[in-house]
Amino acid sequence: MPEEKEKKEQLSQAFYSQNSEEVLNELDTSSEGLTDEQAEQRLSEYGPNELEEGKTTTTLQKFIAQFKDLMIIVLLVAAAISAIVPNEEGNREWVDAIIILAVVVINAVMGVVQESKAEQAIEALREMSTPEANILRNGHRITVNSEQLVPGDIVLLEAGDVVPADMRLLEASSLKIEEAALTGESVPVEKKLDVLEGEDIGIGDRVNMAYSNSNVTYGRGKGVVVNTGMTTEVGKIAGMIASADETQTPLKRNLNQLGKFLTYAIIGIAIVMFFVGTGINDRGWVDMLLTSISLAVAAIPEGLPAIVTIILALGTQVLSKRNSMIRKLPAVETLGATDIIASDKTGTLTLNQMTVEKLYVDDHQYAASDEISQDNMALKIMNFANDTQFGKEGQLLGDPTETALVQFGLNKGFDVREAVKKEPRVADLPFDSDRKMMSTIHKLAEGNYLVAVKGAPDVLLERTNQVLLSGEVKTLDEKQKQTILDNNQNMARQALRVLGTAYKYIEEVPETLEPQWVENDLIFAGLVGMIDPERPEAAEAVKEAKGAGIRPIMITGDHRDTAEAIAARLGIINKGDEHAVLTGAQLDKMSDEEFKQNVEKYSVYARVSPEHKVRIVGAWQEEGKVVGMTGDGVNDAPALKQADIGIGMGITGTEVSKGASDMVLADDNFATIVVAVEEGRKVFSNIQKAIQYLMAANLGEVLTLFISTLMGWDTLLPIHLLWINLVTDTFPAIALGMEPAERNLMQHKPRGKKSNFFSGGVMSSIVYQGIVEAASVLFVYWSAIQWPVHATYNAIHEDALTMAFATLGLMQLFHAFNVKSIHQSLFKVGPFRNRSFNWAILLSFVMMMIIIIVPGLNDIFRVAHLDMYQWGIVLGTSFAIIPIVEIVKVVQRAMGKS
């Protein structure tokens with residue numbers, strides 16, 4: 001049984017190339033449908049027609065996953081050692097351990113809260129399925145739950161139905177199916193029964209097939225089910241979503257790199273320090289072990305994970321106010337690294353709304369915005385030969401092409417509802433794919449009748465012998481006919497969908513309507529050209545993206561000519577640059593290696609499938625690019641998940657595409673992406689600033705401890721390091737995450753995957769600034785010993801310890817001003833622009849001063865009161881880091897490093 005099922009799944013790929021009899025024989029069914037026994041057997045064999053549930057993750061699993069980060073593991077080890085190993089006084093450092101654990105747990109909780117929504121893409125696909133289907137069983141029409149459908153079932157389709165499974169069509173009467181969510185094509189597909197030749201025909205071109213979850217917009221049809229559940233095209237998409245690996249974001253890569261670096265550096269320094277203390281300075285191993293732990297606490301920025309999370313959360317809040325909803329925190333930072341924005345066309349770069357753009361009447365081509373008389377005959381015909389319905393609130397219902405014609409009439413003051421009241425429709429010939437025309441007959445006040453015809457221009461002209469020019473009916477000669485055809489071709493080259501309009505008057509309506517009589521001896525009225533137009537703001541957004549060094553790529557299921565024309569109008573490619581366009585069929589003929597070598601040549605991909613989109617995104621990722629993918633359809637979901645940053649559309653987007661996205665645009669505005677990229681770059685820059693600040697401070701602490709240990713000095717106590725890390729590190733670092741964007745941020749090229757938090761001069765800045773801090777603290781300690789204020793050893797040592805502690809804390813607060821920009825002068829970026837930063841510095845300063853000045857607290861922290869002379873040394877030395885860094889920045893700018 002499993003072998004038979006596998007065989008049928010493979011054969012289903014070629015059903016569009018078989019005739020009706022072959023398909024029915026292949027599926028062992030008939031046009032009267034299956035029997036109840038056959039259906040029951042196949043339901044047992046194939047299973048219900050539904051999508052498998054995606055993997056779910058419990059809240060506990062999400063919480064545990066937060067502790068897999070290397071830096072978090074290092075912090076947990078440090079906390080454990082602090083709690084287990086007693087100090088020289090026999091006490092365990094419970095305060096250190098509790099604070100470290102609190103920071104880690106808070107960070108984990110914030111991560112779970114932000115990512116608490118489980119992947120909803122597959123569940124959304126399940127909910128999209130139609131609940132019922134009209135089928136033939138035992139030769140009788142019945143209605144069943146769509147989950148009961150099996151291969152071989154005969155399904156009846158009508159306008160308004162949702163296709164319940166993948167089907168090979170057996171009958172089609174003016175059948176049109178809207179497949180935009182699956183193929184990306186904005187216009188409903190006119191279905192035909194012709195056998196298609198070839199085995200590499202794309203989904204959008206399989207006109208004799210109907211696919212699950214697409215919508216019937218017009219006509220009627222009958223088809224045989226060939227695939228159900230996970231073997232349907234939508235099922236394959238669900239499988240791709242479920243099997244796609246989570247892309248590691250640049251933020252995660254950078255934090256992992258930072259964690260590894262810190263781990264190796266801390267272990268190395270601690271080992272050296274331990275052996276130096278025990279071997280050279282002859283200190284006890286327990287004492288040196290505790291000193292090494294203190295160094296580890298000093299070296300690890302305990303609050304960094306929480307600070308990064310807070311900065312990302314702040315970025316999320318800013319983006320939400322600018323119509324970008326972030327589903328996963330790291331997506332904020334990933335945006336700033338984006339090299340490629342691969343965008344779906346329909347509904348993302350375009351409006352997903354057919355619109356009249358040009359009108360050719362009276363031997364002249366008009367733009368849709370030009371003045372056109374309400375009495376224009378072409379305007380009247382396109383509204384009369386039309387099946388659009390008006391909803392309760394005036395919305396237009398029906399085929400998008402026809403609703404576009406009615407909307408155009410309303411824009412020009414022609415209300416078809418009022419016109420039809422005066423000249424009612426009395427008969428019609430529905431659109432037929434063979435005739436490629438439709439006609440309506442209207443009774444006029446004079447007693448005669450108007451025949452209104454619209455259809456394919458070339459076919460219409462064959463039935464036409466006259467032409468309306470400037471209100472006069474003239475004979476249609478070959479010259480005039482060629483002029484019409486030239487205008488038709490000109491519109492088609494602009495990717496417009498062109499329809500012709502014609503008419504004639506008759507004295508009476510025949511009892512039997514024959515197309516060859518009704519649609520003959522017509523008078524040509526004009527041509528109308530329509531397109532799904534680009535969004536007004538999209539072209540400017542593309543220009544801004546290019547200015548920021550980001551390459552926009554269009555990926556669409558639409559036809560090549562349409563994709564090329566829209567891309568040229570948006571500025572994605574230059575007009576006439578057909579070499580930058582690649583079709584899905586051409587892509588299929590390329591090997592992965594060949595495509596990888598040529599991927600940079602192409603900016604537009606047309607007639608592509610979901611598999612193609614994933615392949616395109618993957619090819620760019622293999623080139624080391626950070627790829628953002630935008631989309632709104634079911635067909636976009638796998639690529640959205642594959643991309644480094646998946647961007648869904650909040651208004652037109654399906655729940656499937658939104659569920660697979662990292663970010664959702666609330667306004668469906670492509671330009672919002674550029675705003676989000678700027679915010680992403682600002683977030684990364686601010687995280688860099690926070691890391692530079694923390695690492696320089698911690699390096700200063702490590703060097704101070706290391707050198708003082710070598711020299712046998714007792715410069716800083718563990719409680720001092722802990723307080724400084726808690727007070728002077730956390731608040732200013734968080735406030736740095738709220739810094740406004742630096743000027744010209746969007747004029748720089750994307751930093752790419754290879755960059756990290758230490759790129760752009762950050763590492764060198766950390767090193768020299770950490771050395772300056774350590775040297776300054778050691779100098780203050782040494783000077784307090786050399787030129788004491790008190791006479792006794794204990795008092796001298798207590799003063800020196802206090803001055804070193806105060807200098808380290810205050811110097812870090814002054815240094816926070818330096819890192820507002822890596823290379824630009826503090827006075828150019830503005831020292832007090834960020835109010836949150838100003839308050840953070842003030843709060844940290846007060847908390848530093850309290851434990852030195854307030855009686856009782858200074859005893860707990862083992863610090864002494866200082867006189868004005870000592871405070872002068874502390875403040876002067878602490879402030880000195882600002883002019884020192886400013887001088888270094890001047891040299892760096894002179895050397896061209898900014």
Side-chain angles (χ1 to χ4, degrees), residues 356 358-366 370 372-387 401-402 405-406 408-409 412 414 416 419-420 422-432 435-492 496-510 513-530:
V356 172
K358 294 203 173 173
L359 186 68
Y360 171 75
V361 293
D362 294 332
D363 203 17
H364 185 79
Q365 200 171 115
Y366 295 92
D370 294 340
I372 297 172
S373 171
Q374 298 178 25
D375 299 324
N376 186 283
M377 199 62 184
L379 185 65
K380 184 175 183 177
I381 299 304
M382 70 177 72
N383 278 268
F384 271 18
N386 199 308
D387 287 330
T401 299
E402 293 196 329
L405 298 175
V406 172
F408 179 65
K412 298 303 177 184
F414 183 90
V416 67
V420 169
K422 298 175 182 177
E423 300 174 345
R425 182 193 293 195
V426 294
D428 59 57
L429 283 171
F431 177 85
D432 182 87
R435 295 177 13 253
K436 296 184 178 179
M437 287 188 291
M438 78 166 290
S439 303
T440 58
I441 301 176
H442 299 259
K443 186 173 183 179
L444 305 179
E446 295 82 5
N448 59 342
Y449 298 88
L450 169 70
V451 178
V453 186
K454 82 171 190 296
D458 52 343
V459 176
L460 194 70
L461 284 173
E462 293 176 3
R463 308 290 187 93
T464 305
N465 55 25
Q466 298 181 85
V467 59
L468 181 65
L469 292 173
S470 301
E472 295 183 22
V473 177
K474 299 181 179 181
T475 301
L476 180 64
D477 56 27
E478 287 300 318
K479 182 179 179 182
Q480 185 63 44
K481 187 174 182 179
Q482 189 58 48
T483 301
I484 295 171
L485 289 172
D486 288 344
N487 276 274
N488 175 42
Q489 189 176 15
N490 176 267
M491 288 187 187
L496 300 181
R497 187 184 187 195
V498 187
L499 290 175
T501 59
Y503 69 101
K504 72 176 182 180
Y505 296 103
I506 57 176
E507 294 302 320
E508 59 182 20
V509 180
L513 292 178
E514 297 292 341
Q516 61 268 28
W517 181 86
V518 175
E519 298 168 344
N520 214 351
D521 299 324
L522 300 172
I523 303 168
F524 180 80
L527 301 173
V528 57
M530 292 164 286

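Residue indices begin at 1 and follow the sequence shown. FYI, side chains are in, hydrogens and waters are out, and symmetry mates aren't considered; it's all heavy atoms of this structure.
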Distance col, row Gln466:CD vs Leu522:CG, nearest 0.5 angstrom, shows 9.5 Å
Q. Is the backbone of Ile381 close enough, under 3.5 Å, to the side chain of Lys454 for a donor and an acceptor to pair up by distance?
A. no
Side chain to side chain contact (heavy atoms under 4.5 Å, CB included) with Phe384: of Val453, Leu450, Thr501, only one passes, and it is Leu450
- Side-chain contact, heavy-atom cut-off 4.5 Å: Tyr505 with Leu444? yes
Lys380 versus Glu423: any side-chain heavy-atom pair under 4.5 Å? yes
Here the gap from Ile506 atom CD1 to Trp517 atom CH2, rounded to the nearest 0.5 Å, amounts to 4.0 Å
Measuring only between side-chain heavy atoms, which start at C-beta, is Met382 closer than 4.5 Å to Leu359? yes
CD (Glu402) and CG (Asn383) are apart, to the nearest 0.5 Å, by 10.0 Å
In the structure I gave you, are the side-chain heavy atoms of Met437 and Arg463 within less than 4.5 Å of one another anywhere? yes
Given the options Asn488, Asp363, Asp477, Val467, Thr483 meets side chain to side chain contact (heavy atoms under 4.5 Å, CB included) only with Asp363
Distance col, row Lys479:NZ vs Ile484:CD1, nearest 0.5 angstrom, shows 13.0 Å
Interatomic distance, CD@Glu514 vs CD@Gln516, rounded to 0.5 Å, equals 5.0 Å
Given the options Leu468, Thr464, Leu469, Asn465, Leu476 meets side chain to side chain contact (heavy atoms under 4.5 Å, CB included) only with Thr464
**Request:** Decide yes or no on side chain to side chain contact (heavy atoms under 4.5 Å, CB included) for Val451 and Tyr449, but give the supporting numbers first.
**Result:** CA-CA 7 Å; Val451 178; Tyr449 298 88; 5.7 Å; no
Considering only heavy atoms from C-beta outward, does the side chain of Val426 approach that of Val509 to under 4.5 Å? yes
- Task: Indicate yes or no: at least one non-hydrogen side-chain atom of Asn487 is less than 4.5 angstrom from one of Lys358.
- Result: no
Subject >> Ionic contact status for Glu462 with Lys436, cut-off 4.0 Å >> reply: no
Would you check if Gln374 and Lys412 make a side-chain contact, meaning some heavy-atom pair closer than 4.5 Å? no
Should we count CD of Gln482 as having more than 12 external heavy atoms under 6.0 Å? yes
- Validation row: Tyr366, Asn376 side chains within 4.5 angstrom (heavy atoms): no
Point to revise | Heavy-atom donor-acceptor pair, Ser439 side chain to Leu429 backbone, under 3.5 Å | key: no
